[in-house]
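The first residue of the sequence shown is numbered 1, and numbering continues consecutively from there.
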Amino acid sequence: MSPHSLRHSFATLAMDAGTALRDVQDAMGHADPRTTRRYDRSPYQPDRHPAQRILAYLTES
């Protein structure tokens, strides 16, 4: 195991767990969110889209 593989595993698992891109970006120390997005292995998931989250929030009340 190398430090790079540990960082890669951390970022990939965080993204898979649904951690916000911005939070993973901060934890990894990336200046550009496009660098962090490389670790997002999941295909497009509508439930992670901001509009879907807003809808879910509004309908919870």
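To the nearest 0.5 Å, atoms CZ (Arg37) and NE2 (His30) are separated by 13.0 Å. Taken to the nearest 0.5 Å, the NE2 atom of His8 stands 9.0 Å off from the CG atom of Leu13. Annotation: the span from Gln25 atom CD to Thr19 atom OG1 amounts to 13.5 Å, rounded to 0.5 Å. Interatomic distance, CG of Asp40 versus CG of Asp16, reported as 7.5 Å (0.5 Å rounding). From Thr36, atom OG1 reaches atom CG of Asp26 across 8.5 Å, with rounding to the nearest 0.5 Å.
In this structure a side-chain-to-backbone donor-acceptor pair under 3.5 Å is present from Ser5 to Ser2.
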Checklist line | Evaluation steps, side-chain contact (heavy atoms from CB on, under 4.5 Å), between Leu21 and Met15 | finding: CA-CA 7 Å; Leu21 176 72; Met15 296 293 287; 3.8 Å; yes

